[in-house]
Structures are given as structure tokens and as C-alpha cells.
Enquirer: 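Here you go, one structure.
A note on names: the letters A, B, ... follow the listed sequences, proteins ahead of strands, and every chain is numbered from 1. These numbers come from a predicted model, not from an experiment.
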Amino acid sequence: MTDFQTLRGMVDILPSETERWQRIETLARNHFSLAGIDEIRTPLLEGTELFKRGIGEGTDVVGKEMYCFVDRGDRSCTLRPEGTASVVRSVIQNGLLSQGPQRLWYGGPMFRYERPQAGRQRQFHQLGVEFFGLSSARSDAELISVAWDFLKDIGLNGLTLQLNSLGTLEDRIHYRIKLVSFLEEFTELLDENSKKQLIKNPLRILDSKNNDVQKLLDKAPTIGDSLSKESKERFCQLQQILKRLEIPFVINQKLVRGLDYYCQTAFEITSDQLGAQATVCGGGRYDDLVEQLGGPPTPSIGFAIGMERLIILLSEKTFDSNIPNVYLVNKGKEAELEALFLARNLRAANIKVELDNSGSSFGKQFKRANKSKASWAIVIGDEEIINGEIKIKSLDKLSNKKDELVFNMSDMQNIIQFVKPFDH
RNA sequence: GCGGGCGUCGCCAAGUGGUUAAGGCAGCGGCUUGUGGCGCCGCUAUUCGGGGGUUCGAAUCCCCUCGCUCGCCCCA
């Protein structure tokens with residue numbers, strides 16, 4: 001074994017995979033940009049208190065999953081476990097909210113000290129969008145549509161949009177009372193974990209994976225029944241807009257989500273191909289968070305997408321990464337220099353060139369040229385130097401081995417024209 | 001944090017107590033000193049994730065540890 005390896009739950013993204021990442025990133029950038037959403041970048045490190053206040057002291061994320069340390073100035077610092085709190089902080093600190101509604105996206109690594117498993121790492125990557133200062137059901141639908149269209153566009157199938165409304169804070173308090181009084185009659189049917197949650201955060205019993213608990217919950221009061229008239233109307237409205245947009249969804253009254261700040265709309269996009277960690281995208285409305293963190297009252301909604309989970313779903317599709325147009329076969333002192341010169345010229349003309357620096361025999365170099373899948377081999381050796389020329393051969397499987405074209409070395413324009421891939 | 005499975009070359013693996021740890025892919029070199037896709041030949045793990053123990057003898061058995069993986073918890 002090697003002396004050094006990545007820390008547990010930390011993963012290298014290797015050259016064979018970066019193409020996939022870049023595709024997703026590019027596509028995301030396009031989607032967001034078309035929707036008038038601008039990028040924001042915030043530090044990976046924030047004061048610990050931001051996350052405690054923002055995400056909620058009672059949550060698992062804050063309670064046991066944060067990477068914290070004390071710096072040389074005795075400040076408690078934390079690697080961000082999610083993006084929303086940082087973005088909210090930034091938007092307040094920089095006064096962006098006084099410039100009208102903000103539509104922002106962010107991306108990058110997040111850190112959570114959890115036990116790794118399929119689709120879960122300690123350093124993972126999220127892509128998120130936040131809308132600030134927009135309160136209508138229409139803005140909820142727009143945000144959801146951005147996520148949905150993006151995921152569809154990368155070619156994912158088997159996705160389900162799950163939708164719920166958590167109502168206002170008062171709605172939830174009412175529901176909480178009803179739910180607790182129902183469950184208290186059946187505590188003996190609850191598992192260990194649910195018993196604890198009953199005291200700490202009873203709503204979270206709703207998404208328990210325990211079958212017996214779920215059976216019991218089928219008879220429990222639903223959150224929908226506890227919603228105020230306004231909340232109900234709002235939720236109805238959202239559903240109607242989504243129908244009009246032809247975005248299919250499923251109502252899941254047990255969808256609560258783990259972070260404290262959600263209210264009204266909560267949603268998740270799940271995949272049937274991911275095992276236990278099925279959520280590809282999760283989000284919801286958080287109308288009180290900005291104020292809670294010291295900003296002006298600002299209705300807000302956002303979502304986050306787990307990049308690694310997208311990568312898993314995309315992993316059957318293979319991408320040919322970085323195939324050169326030209327493989328430059330060269331041998332001999334002067335020829336090697338000339339080849340480097342030529343490579344720069346071709347690259348300047350936007351042609352991908354792989355330059356063989358091995359100095360090995362022409363036979364060997366051609367073998368590698370083939371393997372590189374390049375379309376063309378350009379040959380420069382002592383012979384060519386003497387005649388002031390270069391030779392170009394097609395590496396296409398069907399082409400005749402013997403065919404080669406001779407170009408004058410100084411005839412750069414023609415060489416470039418010849419070797420240039422067709423624009424599509 | 002709790003449970004199950006696993007860990008032999010860069011990758012995929014055979015080997016389950018007994019002389020030098022199969023094989024395939026990839027890599028490198030040669031057959032072929034200046035010309036590719038095929039083929040053939042050679043080279044590439046003193047060592048089986050790491051450490052300790054049992055044994056005349058361990059990749060194979062035991063203990064500890066690290067990592068991966070699947071599930072719980074939780075979440076993207």
C-alpha cells in the first residue's frame with residue numbers, strides 16, 4: 001500500500017471522470033444563466049455560529065456532522081456543511097437584498113462528518129439555487145422547474161418530484177400537537193429512534209424507514225389537514241402551476257426534510273436507481289431564515305443538488321475524454337524541436353495536439369498514435385527536416401496504411417485547414 | 001455513532017496451511033535502427049491493506065488496526 005491516502009470519505013476525481021463533471025457543470029451554468037440566476041461564491045469556512053443558528057442546533061447536521069476547529073485567533077470555525085446559510089450571510093453582509101429580489105446559484109464542496117456509503121461522502125459537492133425576496137407560489141414553481149428541467153436535460157430518467165407543504169410556523173405547531181397526541185397512544189409500537197424523535201422533533205418520525213412505524217402513520221393525522229386556509233390555497237396554486245408546466249409530481253405528506261428552516265413548500269427529486277440515498281435534489285421555502293440571521297424579513301426558497309449522485313446516475317454513459325485531432329510523431333534532434341514548434345502553432349489554431357516526447361522508434365510512436373484515437377498523425381523526422389516538409393496520415397481504421405500526404409513545412413495555413421475538424 | 005460483507009500488481013482476478021503467489025487487461029521493451037491497427041516473445045507483486053500472534057511452515061487460522069462497501073441514523 002502507499003504511504004498516503006485520502007482521508008476517509010474524501011475522494012479524488014480522476015481524469016477519466018472529470019469530463020462528466022464538466023458536462024454537468026456547463027449544463028448547469030447554461031440553465032441557470034438562461035433563467036436569470038447569477039453565481040455567488042462564498043468561503044468554504046465560516047464561523048461555527050452561522051450554521052448553528054442557520055440550520056438549527058437540534059439537527060443532526062449541526063449536532064454531530066460538522067467539521068469544526070479552533071483557529072489561532074481562538075475563533076471557532078466550521079467547514080460549510082451546506083450552502084444556504086453561507087449565501088444568506090453573504091447576501092445580508094453585502095446588502096444585496098436592498099437591490100431587489102436576488103436569484104443566485106452556487107456550487108462546490110460541502111463537508112459532513114458522516115459514515116460514508118453509496119452516494120454519501122464526507123466531502124461532497126452541491127449545486128444550489130436560492131431565490132430571495134420572492135414569495136409567490138409562482139416563484140416556487142419557477143424554482144422547481146429550473147431544477148427539473150436541468151436534471152431532465154442531463155438525461156436522467158426514473159426521477160420523481162415529491163411535493164409537500166409544511167405550512168406556516170403556526171400550522172406546524174398545530175399539527176405537531178395533533179401528531180404527538182396520536183403517537184403517544186401508541187408509543188409501544190414505535191422503535192427506539194422514533195421514541196427519541198417524539199420528544200425532540202416529532203415531525204421527523206414521518207419519514208422513518210421502519211415499516212411498523214409507517215403502518216401506524218397511515219392512520220395518523222396528516223399535515224394537510226392542519227394547514228390554514230391560506231397555506232392550503234397556496235399549495236393548491238403551486239400544484240396547478242406545475243400541472244400547467246407539465247411537470248409531474250407526487251404529493252408526499254410525510255416529506256418533512258431535516259433542516260429546521262423549511263416552511264410552506266418542501267420538495268425532493270428522487271431517483272429509483274440510487275439505493276438508500278435516493279434524493280438527487282432537495283429544497284424548500286425558508287421565509288424566516290434571513291431575518292433569523294439578522295437581515296430584513298425576506299421570503300426565500302432554494303434547492304440543492306448532490307453532484308456525486310448525478311455522477312452515479314450518469315456513470316453508465318461513457319464519454320470519450322480528450323481525444324486529440326493530431327498525434328505528432330517525431331524523431332531526431334531537429335525534428336523534435338520542429339515538432340514542438342508545430343504543436344504550438346496547431347494549438348494556437350484550436351487543434352488538439354498530442355506531442356510524443358518519448359524519442360522511441362517510429363513504430364512505437366505509431367502504436368501510441370493509434371491508441372490515442374487521434375484522427376491524424378503528423379510525421380516529422382530527419383528526412384522531413386532535410387526536405388522542409390511534414391507528412392500527414394489518416395489514422396482512421398479503414399484508411400490505407402501507405403497513404404500519406406506531404407505538406408511544405410512552412411505552409412502552416414494549409415496544414416491547419418487540412419487537419420482541422422469539421423465544425424458542427 | 002451502530003450492524004453485515006470485503007481488502008492478492010495501475011485495473012480485473014486464481015489461490016482457502018506446504019517447495020519459486022496462476023491468468024487476463026493496461027504499461028514498458030523486442031521481433032520491425034523511419035512508419036500504426038493483427039500476431040508472437042520477453043519484462044513488470046521477495047509479497048497478499050497494516051501490525052501482532054498461532055505454527056516446523058500462513059495470502060490462507062486467531063487478535064488488533066486502517067480502508068472500502070452495503071444498510072441503520074441522517075441527508076444532497
Enquirer: Would you call Asp207(A) and Arg257(A) a side-chain contact if the rule is heavy atoms closer than 4.5 Å?
Expert: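 Not touching, per the 4.5 Å side-chain cut-off.
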Enquirer: Which nucleotide, in any strand shown, forms a Watson-Crick or G-U wobble pair with C48(B), with both distances under 3.5 Å?
Expert: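 C48(B) is paired with nothing.
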Enquirer: Among side-chain atoms of Ser375(A) and Asn325(A), is any donor-acceptor pair under 3.5 angstrom?
Expert: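 No pair is found: no donor N or O on one side chain lies under 3.5 Å from an acceptor on the other.
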Enquirer: Map Asp382(A) and Lys371(A) onto RNA chain B by nearest heavy atom, then report which one ends up closer to the 5' terminus.
Expert: Lys371(A)
Enquirer: If I pick the P atom on G1(B) and the same atom on C62(B), what distance separates them, to the nearest angstrom?
Expert: 25 Å
Enquirer: For the backbone of Ala85(A) and the side chain of Glu82(A), can you confirm whether one donor and one acceptor N or O come within less than 3.5 Å of each other?
Expert: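 Between the backbone of Ala85(A) and the side chain of Glu82(A) there is a qualifying donor-acceptor contact (under 3.5 Å).
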Enquirer: In whole Å, what separates the C1' atom of G49(B) from that of U19(B)?
Expert: 27 Å
Enquirer: Both distances below 3.5 Å, Watson-Crick or wobble geometry, any strand: find the nucleotide opposite C31(B).
Expert: G39(B)
Enquirer: If you take all heavy atoms of Cys281(A) and Phe303(A), which pair is closest and at what distance?
Expert: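 Of all heavy-atom pairs spanning Cys281(A) and Phe303(A), the closest is SG-CD1, 3.7 Å.
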Enquirer: Detail all sub-3.5 Å separations between protein N/O atoms and N/O atoms belonging to nucleotides 38-42 of chain B.
Expert:
none

Enquirer: Does Arg368(A) have a side-chain nitrogen or oxygen under 4.0 Å from the phosphate oxygens OP1 or OP2 of A26(B)?
Expert: no
Enquirer: Check whether the side chains of Tyr327(A) and Asp356(A) place a donor and an acceptor atom closer than 3.5 Å, and report yes or no.
Expert: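 Yes.
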Enquirer: For Leu405(A) and U35(B), give me the distance from atom CG to atom C1', rounded to whole Å.
Expert: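 In whole Å, U35(B) C1' and Leu405(A) CG are 15 Å from each other.
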Enquirer: Under 4.0 Å, heavy atom to any atom of RNA chain B: which of residues 326-342 of chain A qualify?
Expert: none
Enquirer: Give a yes or no answer on whether the side chain of Asn330(A) reaches the backbone of Leu328(A) with a donor-acceptor pair at less than 3.5 Å.
Expert: yes
Enquirer: Among Ile154(A), Leu310(A), Ile311(A), exactly one meets side-chain contact (heavy atoms from CB on, under 4.5 Å) together with Arg20(A). Which residue is that?
Expert: Ile311(A)
Enquirer: Find the partner of G71(B): check Watson-Crick (N1-N3 plus N6-O4 or O6-N4) and G-U wobble (N1-O2, O6-N3) distances, both under 3.5 Å, and reply none if neither fits.
Expert: C2(B)
Enquirer: Along nucleotides 67-76 of chain B, 5' to 3', which nucleotides get a B, which get an S, and which get a -, given that the test is a protein heavy-atom distance under 4.0 Å?
Expert: SSBSBBBBBB
Enquirer: Evaluate whether atom CD of Glu49(A) has more than 12 neighbouring non-hydrogen atoms of other residues, nucleotides or ligands under 6.0 angstrom away.
Expert: yes
Enquirer: What interatomic distance, in whole Å, is found between P of G42(B) and the corresponding atom of G57(B)?
Expert: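 G57(B) and G42(B) have their P atoms separated by 36 Å.
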Enquirer: Name the pairing partner of G23(B), where a pair is Watson-Crick or G-U wobble with both distances under 3.5 Å, or state none.
Expert: C12(B)
Enquirer: Report yes or no: does Arg120(A) contribute a side-chain atom to a donor-acceptor pair with the main-chain N or O of Arg115(A) at less than 3.5 Å?
Expert: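 Flag set: sc Arg120(A) to bb Arg115(A) pair under 3.5 Å.
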Enquirer: Please give the distance between the C1' atoms of A21(B) and C48(B) as a whole number of Å.
Expert: 8 Å
Enquirer: Using the P atom in both, what is the distance from A58(B) to A13(B), to the nearest Å?
Expert: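 The same atom, P, in both gives a distance of 27 Å.
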Enquirer: Write down the distance separating the C1' atoms in G17(B) and C56(B), rounded off to the nearest Å.
Expert: 12 Å
Enquirer: Can you label the angle between the His31(A) ring and the Phe150(A) ring as parallel, tilted or perpendicular, going by 30° and 60°?
Expert: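 His31(A) vs Phe150(A) ring planes: perpendicular.
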Enquirer: Round to the nearest Å and state the distance from Lys364(A) atom NZ to U33(B) atom C1'.
Expert: 13 Å
Enquirer: Without swapping roles, check the side chain of Asn94(A) against the backbone of Leu96(A) for a donor-acceptor pair under 3.5 Å.
Expert: no
Enquirer: For the CD atom of Glu384(A) and the NZ atom of Lys331(A), what is their distance to the nearest 0.5 Å?
Expert: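 Between atom CD of Glu384(A) and atom NZ of Lys331(A) there are 13.0 Å.
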Enquirer: When you measure only distances, ignoring hydrogens and angles, does the side chain of Glu404(A) come within 3.5 Å of the base of G36(B) through a donor and an acceptor?
Expert: no
Enquirer: May I ask you to evaluate whether Ser361(A) reaches the phosphate of G34(B), defined as a side-chain N or O under 4.0 Å from OP1 or OP2?
Expert: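 Yes, Ser361(A) has a side-chain N/O under 4.0 Å of OP1/OP2 on G34(B).
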Enquirer: Does the structure show a Watson-Crick or G-U wobble partner for C61(B), both distances under 3.5 Å? Name it, or say none.
Expert: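 Looking at the geometry, C61(B) pairs with G53(B).
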Enquirer: Within this structure, what is the CD-CD1 distance for the pair Glu404(A) and Ile392(A), rounded to the nearest 0.5 Å?
Expert: 10.5 Å
Enquirer: Is Phe362(A) stacked against the base of G34(B), taking the criterion as centroid distance under 5.5 angstrom and interplanar angle under 30°?
Expert: yes
Enquirer: How far, in whole Å, is G23(B) from C40(B) if one measures between their P atoms?
Expert: 15 Å
Enquirer: Between G3(B) and C43(B), how far apart are the two C1' atoms, rounded to whole Å?
Expert: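 Per the computed distance, 47 Å lies between those C1' atoms.
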